[in-house]
Amino acid sequence: MSQDRIDVLKNILLDLHQGATAESVQEQFNQHFKGVSALEISMMEHELMSSDTGITFEDVMGLCNVHANLFKGAVDDVEVPDTDQEGHPVYVFKQENIALRAAMLRIRRILENYNKPENKEFQDQILSGLQHQMDLLGQFHNHYSRKEKVFFPIMERYGHDAPPKVMWGVDDDIRAMFKDTRQLISQLPQVSIDDVSQSFERFAKEFEEMIFKEEAILLMILLETFTQDDWLQIAQESDAYGYAIIKTTKVWEPHRESFEESASAEVADEPQADTTQEELSEEQAPNTRIIDTPEGQFTITFTPKTEETVADRTTPQHMGNGYLSVEQANLILNHLPMEITFVNKDDIFQYYNDQGDPKDMVFKRTPSQVGRNVELCHPPKVLDKVKTIFKLLRSGERDKVTMWFKSDRLGKFVHVTYAAVRDQEGEFQGVLEYVQDIQDYRDIDTDMNRDI
(Lines give C-alpha, C1' and ligand atoms only; values in the text may rest on other atoms or scores of the structure.)
Protein backbone atom coordinates (compact mmCIF):
# COMPACT_ATOMS: atom_id res chain seq x y z
CA MET A 1 0.00 0.00 0.00
CA SER A 2 1.73 3.22 -1.14
CA GLN A 3 1.47 6.64 0.44
CA ASP A 4 0.96 8.07 -3.04
CA ARG A 5 -2.28 6.14 -3.49
CA ILE A 6 -3.50 7.28 -0.08
CA ASP A 7 -2.64 10.89 -0.95
CA VAL A 8 -4.58 10.66 -4.21
CA LEU A 9 -7.60 9.21 -2.41
CA LYS A 10 -7.37 11.89 0.26
CA ASN A 11 -7.22 14.68 -2.33
CA ILE A 12 -10.21 13.26 -4.21
CA LEU A 13 -12.30 13.21 -1.05
CA LEU A 14 -11.06 16.65 -0.09
CA ASP A 15 -12.31 17.94 -3.47
CA LEU A 16 -15.64 16.33 -2.70
CA HIS A 17 -15.84 18.05 0.67
CA GLN A 18 -15.04 21.37 -0.96
CA GLY A 19 -18.02 21.13 -3.30
CA ALA A 20 -16.93 19.08 -6.31
CA THR A 21 -19.77 17.12 -7.90
CA ALA A 22 -20.09 13.42 -7.33
CA GLU A 23 -19.85 12.83 -11.09
CA SER A 24 -16.57 14.73 -11.50
CA VAL A 25 -15.04 13.02 -8.50
CA GLN A 26 -16.14 9.60 -9.79
CA GLU A 27 -14.49 10.30 -13.15
CA GLN A 28 -11.28 11.39 -11.44
CA PHE A 29 -11.36 8.31 -9.22
CA ASN A 30 -11.84 5.97 -12.19
CA GLN A 31 -8.80 7.49 -13.91
CA HIS A 32 -6.53 6.60 -11.03
CA PHE A 33 -7.92 3.38 -9.58
CA LYS A 34 -8.99 0.01 -10.86
CA GLY A 35 -8.80 -1.50 -7.39
CA VAL A 36 -8.50 -0.01 -3.94
CA SER A 37 -7.80 -1.68 -0.61
CA ALA A 38 -10.24 -1.15 2.22
CA LEU A 39 -7.20 -0.42 4.39
CA GLU A 40 -6.31 2.46 2.10
CA ILE A 41 -9.81 3.87 2.57
CA SER A 42 -9.40 3.58 6.34
CA MET A 43 -6.00 5.28 6.34
CA MET A 44 -7.25 8.01 4.02
CA GLU A 45 -10.23 8.80 6.25
CA HIS A 46 -7.94 8.81 9.30
CA GLU A 47 -5.58 11.31 7.65
CA LEU A 48 -8.47 13.50 6.56
CA MET A 49 -9.84 13.70 10.08
CA SER A 50 -6.48 14.19 11.80
CA SER A 51 -4.93 16.68 9.35
CA ASP A 52 -5.18 20.48 9.34
CA THR A 53 -7.76 20.48 6.53
CA GLY A 54 -10.52 21.29 9.00
CA ILE A 55 -12.42 18.14 8.04
CA THR A 56 -14.20 16.64 11.06
CA PHE A 57 -15.73 13.21 11.50
CA GLU A 58 -19.15 14.88 11.20
CA ASP A 59 -18.12 16.11 7.72
CA VAL A 60 -16.97 12.64 6.72
CA MET A 61 -20.15 11.14 8.16
CA GLY A 62 -22.28 13.58 6.17
CA LEU A 63 -20.75 12.42 2.89
CA CYS A 64 -20.44 8.79 3.93
CA ASN A 65 -22.83 7.52 1.25
CA VAL A 66 -21.05 9.52 -1.46
CA HIS A 67 -17.80 7.92 -0.33
CA ALA A 68 -19.36 4.47 -0.43
CA ASN A 69 -20.75 5.02 -3.93
CA LEU A 70 -17.34 6.23 -5.04
CA PHE A 71 -15.76 2.91 -4.07
CA LYS A 72 -18.49 0.63 -5.43
CA GLY A 73 -16.99 -1.93 -7.76
CA ALA A 74 -13.45 -0.77 -6.97
CA VAL A 75 -12.78 -2.32 -3.57
CA ASP A 76 -10.59 -5.40 -3.78
CA ASP A 77 -12.05 -8.54 -2.22
CA VAL A 78 -10.08 -10.24 0.52
CA GLU A 79 -10.33 -13.98 0.89
CA VAL A 80 -9.55 -15.47 4.28
CA PRO A 81 -9.92 -19.16 5.19
CA ASP A 82 -12.80 -20.15 7.48
CA THR A 83 -14.95 -17.06 6.84
CA ASP A 84 -17.50 -19.11 4.92
CA GLN A 85 -17.80 -21.62 7.77
CA GLU A 86 -21.03 -21.60 9.75
CA GLY A 87 -20.55 -19.79 13.04
CA HIS A 88 -17.63 -17.63 11.88
CA PRO A 89 -18.39 -13.97 12.77
CA VAL A 90 -18.11 -12.91 9.11
CA TYR A 91 -20.48 -15.68 8.00
CA VAL A 92 -22.96 -14.72 10.74
CA PHE A 93 -22.69 -11.02 9.88
CA LYS A 94 -23.48 -11.61 6.21
CA GLN A 95 -26.31 -14.04 6.98
CA GLU A 96 -27.88 -11.39 9.19
CA ASN A 97 -27.75 -8.87 6.36
CA ILE A 98 -29.48 -11.35 4.05
CA ALA A 99 -32.23 -11.89 6.63
CA LEU A 100 -32.59 -8.16 7.23
CA ARG A 101 -32.91 -7.51 3.48
CA ALA A 102 -35.62 -10.17 3.30
CA ALA A 103 -37.55 -8.48 6.13
CA MET A 104 -37.34 -5.18 4.26
CA LEU A 105 -38.76 -6.76 1.11
CA ARG A 106 -41.69 -8.16 3.10
CA ILE A 107 -42.35 -4.76 4.67
CA ARG A 108 -42.38 -3.10 1.24
CA ARG A 109 -44.91 -5.64 -0.03
CA ILE A 110 -47.14 -5.08 2.99
CA LEU A 111 -47.01 -1.30 2.57
CA GLU A 112 -47.87 -1.65 -1.13
CA ASN A 113 -50.89 -3.85 -0.38
CA TYR A 114 -52.18 -2.12 2.75
CA ASN A 115 -54.53 0.31 0.97
CA LYS A 116 -55.69 -1.85 -1.93
CA PRO A 117 -59.50 -1.97 -2.04
CA GLU A 118 -59.62 -5.76 -1.97
CA ASN A 119 -57.64 -5.73 1.31
CA LYS A 120 -59.79 -3.22 3.22
CA GLU A 121 -61.46 -5.81 5.42
CA PHE A 122 -58.08 -7.40 6.23
CA GLN A 123 -56.29 -4.19 7.25
CA ASP A 124 -56.09 -5.18 10.92
CA GLN A 125 -54.35 -8.44 10.05
CA ILE A 126 -52.11 -6.66 7.54
CA LEU A 127 -51.16 -4.09 10.18
CA SER A 128 -50.39 -6.87 12.64
CA GLY A 129 -48.13 -8.50 10.03
CA LEU A 130 -46.42 -5.16 9.37
CA GLN A 131 -45.69 -4.69 13.06
CA HIS A 132 -44.31 -8.23 13.29
CA GLN A 133 -41.96 -7.63 10.35
CA MET A 134 -40.83 -4.34 11.90
CA ASP A 135 -40.08 -6.25 15.11
CA LEU A 136 -37.90 -8.63 13.11
CA LEU A 137 -36.18 -5.81 11.25
CA GLY A 138 -35.66 -4.00 14.54
CA GLN A 139 -33.24 -6.73 15.53
CA PHE A 140 -30.68 -4.85 13.45
CA HIS A 141 -30.00 -3.10 16.78
CA ASN A 142 -28.24 -6.32 17.90
CA HIS A 143 -26.27 -6.41 14.64
CA TYR A 144 -25.14 -2.79 15.08
CA SER A 145 -24.36 -3.16 18.80
CA ARG A 146 -22.18 -6.21 18.14
CA LYS A 147 -20.35 -4.31 15.43
CA GLU A 148 -19.80 -1.27 17.66
CA LYS A 149 -18.94 -3.03 20.91
CA VAL A 150 -17.00 -6.08 19.68
CA PHE A 151 -15.59 -5.28 16.21
CA PHE A 152 -14.69 -1.62 16.76
CA PRO A 153 -12.45 -2.02 19.85
CA ILE A 154 -10.22 -4.46 17.99
CA MET A 155 -10.12 -2.17 14.94
CA GLU A 156 -8.97 0.70 17.14
CA ARG A 157 -6.16 -1.42 18.58
CA TYR A 158 -4.83 -1.75 15.04
CA GLY A 159 -5.05 2.01 14.50
CA HIS A 160 -8.27 2.08 12.44
CA ASP A 161 -10.13 4.61 14.54
CA ALA A 162 -11.71 6.73 11.78
CA PRO A 163 -14.13 4.18 10.22
CA PRO A 164 -15.65 3.18 13.60
CA LYS A 165 -16.24 6.79 14.59
CA VAL A 166 -17.89 7.66 11.26
CA MET A 167 -19.89 4.44 11.02
CA TRP A 168 -21.17 4.63 14.59
CA GLY A 169 -22.51 8.12 13.91
CA VAL A 170 -24.35 6.92 10.80
CA ASP A 171 -25.67 3.92 12.75
CA ASP A 172 -27.27 6.31 15.24
CA ASP A 173 -28.89 8.28 12.41
CA ILE A 174 -30.32 5.03 11.02
CA ARG A 175 -31.63 4.06 14.45
CA ALA A 176 -33.40 7.42 14.71
CA MET A 177 -35.01 7.01 11.27
CA PHE A 178 -36.22 3.53 12.16
CA LYS A 179 -37.74 4.87 15.38
CA ASP A 180 -39.56 7.58 13.41
CA THR A 181 -41.03 4.97 11.05
CA ARG A 182 -42.19 2.77 13.92
CA GLN A 183 -43.82 5.76 15.52
CA LEU A 184 -45.80 6.45 12.33
CA ILE A 185 -46.83 2.81 11.99
CA SER A 186 -48.17 2.87 15.54
CA GLN A 187 -50.51 5.69 14.43
CA LEU A 188 -52.06 3.75 11.54
CA PRO A 189 -54.77 4.07 10.27
CA GLN A 190 -54.97 7.65 11.58
CA VAL A 191 -51.96 8.64 9.47
CA SER A 192 -51.48 8.22 5.74
CA ILE A 193 -49.89 4.98 4.51
CA ASP A 194 -48.01 7.16 2.01
CA ASP A 195 -46.36 9.02 4.89
CA VAL A 196 -45.39 5.69 6.42
CA SER A 197 -43.96 4.46 3.11
CA GLN A 198 -41.93 7.64 2.61
CA SER A 199 -40.55 7.42 6.14
CA PHE A 200 -39.67 3.76 5.65
CA GLU A 201 -37.90 4.45 2.34
CA ARG A 202 -35.81 7.21 3.92
CA PHE A 203 -34.70 4.68 6.50
CA ALA A 204 -34.29 1.90 3.92
CA LYS A 205 -32.02 3.97 1.69
CA GLU A 206 -29.55 4.64 4.53
CA PHE A 207 -29.90 1.11 5.88
CA GLU A 208 -29.10 -0.52 2.54
CA GLU A 209 -26.15 1.82 2.06
CA MET A 210 -24.85 0.70 5.44
CA ILE A 211 -25.10 -2.94 4.40
CA PHE A 212 -22.88 -2.13 1.41
CA LYS A 213 -20.42 -0.24 3.61
CA GLU A 214 -20.30 -3.12 6.08
CA GLU A 215 -19.66 -5.82 3.50
CA ALA A 216 -17.56 -3.97 0.91
CA ILE A 217 -15.47 -1.77 3.20
CA LEU A 218 -15.74 -2.67 6.90
CA LEU A 219 -15.38 -6.44 6.53
CA MET A 220 -12.58 -5.99 4.00
CA ILE A 221 -10.64 -3.92 6.56
CA LEU A 222 -11.24 -6.57 9.21
CA LEU A 223 -10.26 -9.46 6.93
CA GLU A 224 -7.01 -7.70 5.98
CA THR A 225 -6.22 -6.88 9.61
CA PHE A 226 -7.66 -9.34 12.12
CA THR A 227 -5.91 -12.51 13.19
CA GLN A 228 -7.64 -15.82 13.80
CA ASP A 229 -7.42 -15.11 17.53
CA ASP A 230 -9.25 -11.81 16.97
CA TRP A 231 -12.09 -13.64 15.23
CA LEU A 232 -12.20 -16.21 18.04
CA GLN A 233 -12.52 -13.41 20.58
CA ILE A 234 -15.38 -11.88 18.55
CA ALA A 235 -17.14 -15.24 18.31
CA GLN A 236 -16.86 -15.72 22.07
CA GLU A 237 -18.15 -12.24 22.96
CA SER A 238 -20.93 -11.92 20.38
CA ASP A 239 -23.61 -13.76 22.37
CA ALA A 240 -23.70 -10.90 24.87
CA TYR A 241 -25.25 -8.61 22.24
CA GLY A 242 -27.48 -11.09 20.44
CA TYR A 243 -28.12 -11.54 16.73
CA ALA A 244 -30.47 -10.21 14.06
CA ILE A 245 -33.22 -12.64 12.99
CA ILE A 246 -30.91 -15.62 12.44
CA LYS A 247 -30.00 -18.06 15.20
CA THR A 248 -26.45 -19.35 15.40
CA THR A 249 -26.62 -23.12 15.72
CA LYS A 250 -22.97 -24.01 15.35
CA VAL A 251 -19.87 -22.92 17.24
CA TRP A 252 -17.04 -22.01 14.90
CA GLU A 253 -13.97 -24.15 15.58
CA PRO A 254 -11.07 -23.12 13.35
CA HIS A 255 -8.55 -25.63 12.14
CA ARG A 256 -5.39 -25.32 14.20
CA GLU A 257 -2.09 -27.00 13.50
CA SER A 258 -0.78 -28.97 16.47
CA PHE A 259 2.85 -28.01 16.76
CA GLU A 260 3.46 -30.71 19.34
CA GLU A 261 2.35 -33.40 16.88
CA SER A 262 4.42 -31.83 14.11
CA ALA A 263 7.48 -31.72 16.33
CA SER A 264 7.01 -35.36 17.31
CA ALA A 265 6.70 -36.36 13.68
CA GLU A 266 9.88 -34.46 12.76
CA VAL A 267 11.80 -36.17 15.56
CA ALA A 268 10.51 -39.56 14.46
CA ASP A 269 11.71 -38.90 10.90
CA GLU A 270 15.20 -37.80 11.94
CA PRO A 271 18.07 -40.29 11.63
CA GLN A 272 18.92 -41.62 15.07
CA ALA A 273 22.36 -40.87 16.47
CA ASP A 274 24.61 -43.75 17.52
CA THR A 275 24.44 -42.64 21.12
CA THR A 276 20.84 -42.49 22.35
CA GLN A 277 19.47 -40.88 25.49
CA GLU A 278 18.94 -44.35 26.98
CA GLU A 279 22.63 -45.16 26.48
CA LEU A 280 23.79 -42.13 28.42
CA SER A 281 25.48 -42.98 31.70
CA GLU A 282 23.41 -42.90 34.83
CA GLU A 283 25.52 -39.97 35.99
CA GLN A 284 24.47 -38.02 32.90
CA ALA A 285 22.20 -35.09 33.79
CA PRO A 286 18.64 -35.72 32.64
CA ASN A 287 18.55 -32.35 30.82
CA THR A 288 21.64 -33.15 28.74
CA ARG A 289 21.75 -34.57 25.24
CA ILE A 290 24.76 -35.75 23.21
CA ILE A 291 24.60 -35.51 19.43
CA ASP A 292 27.09 -37.19 17.08
CA THR A 293 28.29 -35.34 13.99
CA PRO A 294 30.93 -36.29 11.38
CA GLU A 295 33.31 -33.87 13.11
CA GLY A 296 32.66 -35.24 16.61
CA GLN A 297 30.19 -34.99 19.47
CA PHE A 298 28.66 -31.94 21.07
CA THR A 299 26.60 -31.77 24.22
CA ILE A 300 23.46 -29.68 24.77
CA THR A 301 22.51 -28.91 28.35
CA PHE A 302 19.16 -27.45 29.29
CA THR A 303 18.80 -25.59 32.59
CA PRO A 304 15.18 -24.67 33.35
CA LYS A 305 14.53 -21.21 34.70
CA THR A 306 13.35 -20.90 38.25
CA GLU A 307 9.59 -20.48 38.28
CA GLU A 308 8.56 -16.92 38.92
CA THR A 309 6.56 -16.35 42.04
CA VAL A 310 2.88 -16.42 41.17
CA ALA A 311 0.65 -13.98 43.03
CA ASP A 312 -1.32 -15.84 45.66
CA ARG A 313 -5.00 -15.03 45.20
CA THR A 314 -6.04 -16.81 48.38
CA THR A 315 -3.81 -15.24 51.05
CA PRO A 316 -5.56 -12.43 53.00
CA GLN A 317 -3.98 -9.02 52.53
CA HIS A 318 -4.52 -5.80 54.43
CA MET A 319 -7.35 -3.99 52.68
CA GLY A 320 -9.32 -1.03 54.03
CA ASN A 321 -10.29 -1.78 57.62
CA GLY A 322 -9.60 -5.46 57.48
CA TYR A 323 -8.17 -8.28 55.44
CA LEU A 324 -9.30 -9.87 52.17
CA SER A 325 -7.67 -12.15 49.66
CA VAL A 326 -7.73 -11.18 45.99
CA GLU A 327 -10.16 -14.02 45.37
CA GLN A 328 -12.50 -12.83 48.13
CA ALA A 329 -12.39 -9.24 46.89
CA ASN A 330 -13.25 -10.42 43.39
CA LEU A 331 -16.18 -12.50 44.67
CA ILE A 332 -17.52 -9.60 46.74
CA LEU A 333 -17.39 -7.21 43.77
CA ASN A 334 -19.20 -9.73 41.59
CA HIS A 335 -21.91 -10.27 44.21
CA LEU A 336 -22.77 -6.59 44.63
CA PRO A 337 -26.26 -5.92 43.22
CA MET A 338 -24.98 -3.39 40.70
CA GLU A 339 -22.86 -3.08 37.58
CA ILE A 340 -19.49 -1.51 38.40
CA THR A 341 -17.09 0.03 35.92
CA PHE A 342 -13.80 1.78 36.66
CA VAL A 343 -12.12 4.19 34.25
CA ASN A 344 -8.66 5.25 35.39
CA LYS A 345 -7.21 8.77 35.52
CA ASP A 346 -5.88 8.39 31.97
CA ASP A 347 -9.44 7.78 30.68
CA ILE A 348 -8.78 4.09 30.07
CA PHE A 349 -11.57 1.59 30.73
CA GLN A 350 -9.78 -0.66 33.23
CA TYR A 351 -12.32 -2.86 35.03
CA TYR A 352 -15.89 -4.08 35.20
CA ASN A 353 -17.41 -6.64 37.56
CA ASP A 354 -19.01 -9.90 36.45
CA GLN A 355 -22.79 -9.73 36.68
CA GLY A 356 -23.52 -13.08 35.05
CA ASP A 357 -25.25 -13.18 31.69
CA PRO A 358 -24.31 -9.99 29.76
CA LYS A 359 -27.75 -10.06 28.10
CA ASP A 360 -29.27 -9.04 31.44
CA MET A 361 -26.92 -6.11 31.97
CA VAL A 362 -28.10 -2.52 31.53
CA PHE A 363 -24.79 -1.51 29.97
CA LYS A 364 -23.27 -4.57 28.31
CA ARG A 365 -19.54 -5.01 28.81
CA THR A 366 -17.18 -7.51 27.19
CA PRO A 367 -13.45 -8.17 27.71
CA SER A 368 -12.48 -6.52 24.39
CA GLN A 369 -13.52 -3.14 25.81
CA VAL A 370 -10.96 -3.30 28.63
CA GLY A 371 -7.95 -1.12 27.78
CA ARG A 372 -10.00 1.11 25.47
CA ASN A 373 -10.24 4.89 25.80
CA VAL A 374 -13.56 5.70 27.45
CA GLU A 375 -14.52 8.11 24.65
CA LEU A 376 -14.37 5.24 22.16
CA CYS A 377 -16.74 3.15 24.30
CA HIS A 378 -19.69 5.47 23.68
CA PRO A 379 -21.70 6.39 20.60
CA PRO A 380 -20.93 9.85 19.14
CA LYS A 381 -24.36 11.20 20.13
CA VAL A 382 -23.55 10.96 23.88
CA LEU A 383 -19.83 11.76 23.66
CA ASP A 384 -20.22 15.40 24.71
CA LYS A 385 -22.15 14.31 27.80
CA VAL A 386 -19.43 11.80 28.72
CA LYS A 387 -16.74 14.46 28.34
CA THR A 388 -18.73 16.88 30.51
CA ILE A 389 -19.14 14.30 33.30
CA PHE A 390 -15.43 13.52 33.36
CA LYS A 391 -14.53 17.20 33.31
CA LEU A 392 -16.79 17.92 36.30
CA LEU A 393 -15.39 14.99 38.29
CA ARG A 394 -11.74 15.49 37.34
CA SER A 395 -11.80 19.21 38.19
CA GLY A 396 -13.41 18.66 41.59
CA GLU A 397 -16.42 20.77 40.66
CA ARG A 398 -18.52 17.69 41.39
CA ASP A 399 -17.81 14.53 43.37
CA LYS A 400 -20.77 12.65 41.88
CA VAL A 401 -23.04 12.90 38.88
CA THR A 402 -26.29 10.94 38.98
CA MET A 403 -28.99 10.20 36.45
CA TRP A 404 -31.90 7.78 36.10
CA PHE A 405 -34.25 6.50 33.45
CA LYS A 406 -36.85 3.82 32.84
CA SER A 407 -35.86 1.00 30.50
CA ASP A 408 -38.93 -0.56 28.93
CA ARG A 409 -36.69 -3.02 27.11
CA LEU A 410 -35.35 -4.44 30.37
CA GLY A 411 -38.36 -3.69 32.56
CA LYS A 412 -36.07 -1.82 34.94
CA PHE A 413 -35.84 1.62 36.49
CA VAL A 414 -32.14 2.39 36.20
CA HIS A 415 -30.12 4.65 38.49
CA VAL A 416 -26.59 5.53 37.38
CA THR A 417 -23.89 7.17 39.51
CA TYR A 418 -20.55 8.48 38.29
CA ALA A 419 -18.25 9.06 41.27
CA ALA A 420 -14.80 10.64 41.32
CA VAL A 421 -12.19 8.32 42.88
CA ARG A 422 -9.51 10.24 44.78
CA ASP A 423 -6.58 9.00 46.87
CA GLN A 424 -5.75 10.07 50.43
CA GLU A 425 -4.02 13.19 49.12
CA GLY A 426 -7.13 14.12 47.16
CA GLU A 427 -5.54 13.37 43.77
CA PHE A 428 -7.95 12.25 41.08
CA GLN A 429 -7.43 8.55 40.21
CA GLY A 430 -10.39 7.84 37.97
CA VAL A 431 -14.16 7.46 37.76
CA LEU A 432 -16.29 4.73 39.29
CA GLU A 433 -19.60 4.10 37.56
CA TYR A 434 -22.21 2.01 39.33
CA VAL A 435 -25.55 1.09 37.82
CA GLN A 436 -28.52 -0.19 39.85
CA ASP A 437 -32.00 -1.41 39.07
CA ILE A 438 -34.06 0.48 41.66
CA GLN A 439 -37.51 -0.63 40.51
CA ASP A 440 -37.96 -2.84 43.59
CA TYR A 441 -37.17 0.12 45.86
CA ARG A 442 -39.68 2.32 44.04
CA ASP A 443 -42.32 -0.37 44.56
CA ILE A 444 -41.94 -0.35 48.38
CA ASP A 445 -45.19 0.99 49.89
CA THR A 446 -44.66 0.28 53.59
CA ASP A 447 -42.57 1.92 56.30
CA MET A 448 -41.11 -1.31 57.60
CA ASN A 449 -40.44 -4.94 56.69
CA ARG A 450 -38.42 -7.10 59.08
CA ASP A 451 -39.91 -10.44 58.16
CA ILE A 452 -37.48 -13.29 57.64
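The shown structure was predicted, so the numbers you read here are calculated from the model rather than taken from an experiment.
For F405, the CZ atom counts as densely surrounded, since its 6.0 Å shell holds more than 12 non-hydrogen atoms of other residues, nucleotides or ligands. Under a cut-off of 6.0 angstrom, the local environment of NZ in K345 is sparse, with at most 12 non-hydrogen atoms contributed by other residues, nucleotides or ligands.
Ring geometry for H88 against W231 counts as tilted: the plane angle lies between 30° and 60°, on a 0 to 90° scale. Using cut-offs of 30° and 60° for the angle between ring planes, the F151 and F93 rings count as tilted. Between Y144 and F140, the angle of the ring planes goes over 60°, which puts this pair in the perpendicular group of the 30/60° scheme.
Using a cutoff of 4.0 Å between basic side-chain nitrogens and carboxylate oxygens, K147 and E214 are scored as salt-bridged. A salt bridge links E148 with R175: the distance from a Lys NZ or Arg NE/NH1/NH2 to an Asp or Glu carboxylate oxygen falls below 4.0 Å. Taking a cutoff of 4.0 Å between a charged side-chain nitrogen and a carboxylate oxygen, R372 and D347 do not qualify as a salt bridge. A salt bridge links E201 to R108: one of the charged nitrogens lies within less than 4.0 Å of a carboxylate oxygen. Between E433 and R365 there is a salt bridge, since a side-chain N of the basic residue sits under 4.0 Å from a carboxylate O of the acidic one. Salt bridge annotation for R202-D180: absent, with no cationic side-chain nitrogen under 4.0 angstrom from a carboxylate oxygen.
The shortest distance between side-chain heavy atoms of I107 and M134 falls below 4.5 Å.
Considering CZ of R442 and NE2 of H415, their distance stands at 10.5 Å, rounded to 0.5 Å. N353 contributes atom CG, which lies 7.0 Å from atom OG1 of T341 (distance to the nearest 0.5 angstrom).
A donor-acceptor pair shorter than 3.5 Å can be found between the side chains of K116 and N113.
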